[in-house]
Amino acid sequence: MRFEDQLLQSYSATQPKYATRICTCPNCDKQSVFTFSGEQHWHPRIAAAKGLPTKVSLWKCSNCHKNITEDKLPIEKSTTRVRV
């Protein structure tokens, strides 16, 4: 069984069914399952001043439990989006 499949199997048994992603966490530097946490909305003027989109997706690491913005998640071969 692949590492990603083992993670999903163990993680999905204890968590509600949300969109997930598997990749290396930029915070703890471990391959983890990321669960979609929601979206952060910025006022258009503030977003423009900071160079951000008005809507930012947040993903929570299963290892260190930090919320990471989607643009900070690395694009890897093993990165997948799965409906569990």
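The first residue in the sequence is number 1, and the count goes up from there.
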Value for CD (Glu39) from NZ (Lys55), rounded to nearest 0.5 Å, stands at 4.5 Å

Under the rule for side chain to side chain contact (heavy atoms under 4.5 Å, CB included), what residues qualify as partners of His65, not counting sequence neighbours? Lys60

Minimum-distance pair of heavy atoms, taken over all atoms of Ala47 and Trp42: CB-CB, 3.9 Å

Rounded distance (nearest 0.5 Å) linking atom OG1 of Thr54 with atom NE2 of His43: 10.5 Å

Considering residues at least two apart in sequence or located in another chain, which fulfil the side chain to side chain contact (heavy atoms under 4.5 Å, CB included) criterion with Thr69? Val56, Leu58, Asp71, Lys72

What pair of heavy atoms forms the shortest contact from Trp59 to Phe36, and how long is it? CE3-N, 3.5 Å

Distance col, row Cys25:SG vs Gln31:CD, nearest 0.5 angstrom, shows 11.5 Å

Could you give the distance from NZ (Lys30) to OG1 (Thr24), rounded to the nearest 0.5 Å? 11.5 Å

Rounding to 0.5 Å, atoms SG (Cys61) and CG (Asn27) come to a distance of 7.5 Å

With sequence neighbours left out, the residues meeting side-chain hydrogen bond (donor to acceptor under 3.5 Å, both in side chains) with Asn63 are none

Minimal heavy-atom distance between Ile68 and Phe34, with the atoms involved, is CG1-CE2, 3.9 Å

Do any N or O atoms from the side chain of Ser62 and from the backbone of Val33 form a donor-acceptor pair under 3.5 angstrom? yes

